[in-house]
Structure formats: structure tokens, C-alpha cells
Amino acid sequence: MARWDRDSTPTIPDWFWTAVETGRDEHTVEVEECDVFYRSWPGDAAKPAVLLIHGMNAHSGWWDFIAPQLLDEYRVVAMDLTGMGDSDYRYQYDAATYAAEIVGVCDAAGFDDDVLVVGHSFGGMMAAKAANLFPDRFGALVLVDSGIRHPDEPLKDPGVLMGGGRAKTYPDRHTAEGRFRLYPPQPCENRYIVEYIAKHSLMRVDGGWAWKFDEELPLTLKDGERQPEDYNALPLPVGIIYGKQSESFSARTLEYMLELLGPDVPVAGIEEAQHHVFLDQPLAFVEALRGVLTTLRARMPGG
């Protein structure tokens with residue numbers, strides 16, 4: 001959103017403007033011959049480190065109104081997985097490469113092995129796989145509406161859950177922004193947040209504007225399925241935040257996740273929130289995230 005939007009949209013709360021206007025730096029790190037983009041917010045290097053990872057076909061800008069609200073207690077980085085946002089596209093994608101990207105960003109950001117990783121949806125799944133592949137690299141993991149359904153629970157159309165579909169080219173930015181949709185499909189009362197994300201999800205291409213994701217990603221992704229062993233052997237403290245109205249993370253999913261992870265997992269269910277929890281209830285999400293992170297830090301070695 002431009003500066004002049006602030007005066008023309010007085011219904012947008014001040015906390016949102018304060019967050020998105022907080023200065024941040026942009027970086028890239030090369031991982032397996034591709035540049036991985038990440039953004040960092042100014043913070044004391046002595047504070048605990050937090051890495052934020054987006055969901056499928058999203059990007060680090062989805063955290064612009066969340067990350068600054070954590071800076072009093074944490075130093076924060078958000079990354080773009082390859083094939084999304086401002087990171088490079090690959091010929092094919094797999095969980096092991098995404099795990100290497102997560103480690104690469106942590107290394108480039110100067111994070112030690114006590115980094116707290118927060119992953120939404122697909123980002124949480126890749127973070128779980130990374131924690132299993134690199135068991136000594138992370139301190140704790142927060143899964144945000146991200147888990148595995150019970151084998152007996154009906155599965156919705158995988159294409160919807162993955163956020164698949166071919167990218168389109170739009171003749172101008174305004175038309176493209178008007179076509180932005182959340183996947184899985186859901187309404188969001190905070191239209192200003194959705195509009196902000198839409199504005200920052202576009203790139204100029206030949207013939208107009210397109211979304212910042214690789215349309216081939218869902219078709220070429222390997223080892224992208226959720227498996228029980230991804231969760232029942234996690235070697236670090238884990239917390240869960242989910243939307244109580246989420247169709248992607250049901251009460252049965254939560255029950256099954258606790259069977260896999262163990263009953264002593266800090267869980268925060270956000271009222272009036274669906275799959276895109278921090279878009280629906282951003283302030284409640286920040287409060288819940290602070291609480292879960294505090295609990296997990298106390299369970300880490302030396303906590």
C-alpha cells in the first residue's frame with residue numbers, strides 16, 4: 001500500500017500501519033544453485049531468533065504485519081521458499097531441497113541452533129521435514145494450521161489444499177489485484193490485509209502481471225506428502241496454533257497430531273479464524289504465538 005492509502009482508508013488500524021512501515025532489509029543466499037530470498041527486521045543479535053515460513057504459493061511478505069510485533073522480544077527473519085515470492089524457480093522441487101533452503105537461510109542470517117521456526121501450512125510441513133533431516137539445527141517448531149489428517153478422515157481435493165492451478169497473466173496491476181484469492185478458499189473480514197498481500201504478490205512479466213509463484217511447482221514437487229513419521233519422531237519441542245474454523249485443521253486432525261507428537265504439546269486454537277489464521281485474527285495470533293514460543297523456549301536445552 002502506498003503512503004497516501006493511509007489517509008484514504010481510515011478504517012485500517014494504526015497497528016497495521018506501524019507494522020508494515022517498519023524498516024526491513026532484503027537478502028539472498030544461494031542454496032543448490034538457486035537464490036533464496038529472505039527479509040530481516042532490525043533487532044538485537046542477543047535476542048532469540050525466529051524464522052517465519054509461508055504456505056504454498058505465498059511468500060515472506062505475508063508476515064510483514066506480524067514480524068514487527070515480535071521485535072521487542074525476538075529478532076525475526078522471513079524467507080521465500082524457491083518457486084515462490086522473490087526466490088528463484090527450480091526445474092523440480094523436493095522436501096530435502098526445501099530443508100536445505102531453510103538451513104541455508106538460518107546460516108546466512110547468523111542464527112544458532114536454537115532458532116525457533118514458525119511454519120504456516122505447507123511451510124510447517126517443510127519445516128517438520130527439515131527438523132528431521134537436520135535434528136541438531138533448530139531449537140523448536142511452531143506449526144500454524146499445519147499437520148496431517150487422521151488416515152480415516154476424508155481428504156478434500158488435494159489441488160485446493162495445495163493451492164495449485166496455473167498462473168495467469170493480467171493486463172494491468174489493478175485487474176490482477178482484483179483477482180487475488182486465498183487458497184484453500186475462505187472469506188477474510190480484514191480486507192486491508194488481503195489487499196496488502198495482493199499488492200505484494202505480483203510481478204511484471206511479458207504481456208502484463210502475474211503472481212509470484214511457479215505454476216509448475218505442484219506438478220514437479222517430490223516427497224511433498226505428509227507422513228506420520230514426519231511428526232512422531234521430531235527431535236525438538238513442538239507447538240501448534242490453528243484456526244478453530246479451519247477446514248484444513250479439524251478437531252480430528254488436532255487429536256491425531258497429539259497422538260503423534262505426544263500430549264504435552266502447547267496448543268492454541270484461535271477463535272473466529274480459518275486456515276489463514278494470522279490474516280483472520282492477526283492480534284490474537286501474535287498473542288498466541290508469543291505464548292507458545294515462551295513455553296517452547298522453556299523446554300529447550302538451557303531454557
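We count residues from 1, following the sequence as given.
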Residue pair Leu51 / Cys106, side-chain heavy-atom distance below 4.5 Å: yes
Within 6.0 angstrom of Gln227 CD, more than 12 heavy atoms from elsewhere: yes
Side chain to side chain donor-acceptor pair (under 3.5 Å) partners for Tyr98, two or more places apart: none
Exam field: side chain Ser146 to backbone Ser121, donor-acceptor pair closer than 3.5 Å: yes
Shortest non-hydrogen separation from Ile53 to Ala127 and the atoms involved: CD1-CB, 4.1 Å
Set of ring pair (Phe, Tyr, Trp, His ring centres under 6.0 Å) partners for Phe249, sequence neighbours left out: Tyr242
Common cluster, Phe122/Phe37, ILVMFWY with side-chain heavy-atom separation under 4.5 Å: no
Residue pairs passing the salt bridge (Lys or Arg N to Asp or Glu O under 4.0 Å) test where at least one lies in residues 38-55, sequence neighbours excluded: Arg39-Asp64
Listed once per pair and sorted, the salt bridge (Lys or Arg N to Asp or Glu O under 4.0 Å) pairs that draw on residues 115-126, sequence neighbours left out: none
Ring pair (Phe, Tyr, Trp, His ring centres under 6.0 Å) partners for Phe134, two or more places apart: none
Nearest non-hydrogen partners of Met79 and Tyr38, listed with the distance: CA-CB, 3.9 Å
Qualifying side chain to side chain donor-acceptor pair (under 3.5 Å) pairs with a residue from residues 256-272, counting only residues at least two apart or across chains: Lys244-Glu271, Asp264-Arg299
Sequence neighbours excluded, every pair satisfying salt bridge (Lys or Arg N to Asp or Glu O under 4.0 Å) that has a member inside residues 276-286: none
Contacts of type ring pair (Phe, Tyr, Trp, His ring centres under 6.0 Å), residue His276, not counting sequence neighbours: Trp62, His120
Results of side chain to side chain donor-acceptor pair (under 3.5 Å) for Glu73 - residues two or more places apart only: Arg290, Arg297
Side chain to side chain donor-acceptor pair (under 3.5 Å) partners for Asp25, two or more places apart: none
Heavy atoms from other residues, nucleotides or ligands near CZ of Arg181 exceed 12 (cutoff 6.0 Å): yes
Any donor-acceptor N/O pair, Asp114 side chain to Gly139 backbone, under 3.5 Å: no
Glu30 side-chain N/O to Asp35 backbone N/O, donor-acceptor pair under 3.5 Å: no
Glu229 atom CD, over 12 foreign heavy atoms within 6.0 Å: yes
Mutual orientation of the aromatic rings belonging to Phe65 and Phe278 [parallel < 30°, tilted 30-60°, perpendicular > 60°]: tilted
Partner residues of Thr97 under the side chain to side chain contact (heavy atoms under 4.5 Å, CB included) criterion, sequence neighbours left out: Glu32, Arg90, Asp94, Glu101
Asp80 and His59: side chain donor to acceptor below 3.5 Å: no
For Asp107, salt bridge (charged side-chain N to carboxylate O under 4.0 Å, His left out) partners two or more places apart: Arg137
Separation of Ile241 CD1 from Phe285 CZ (nearest 0.5 Å): 4.5 Å
Trp211 and Tyr170 aromatic ring geometry - parallel, tilted or perpendicular at 30°/60° bounds: perpendicular
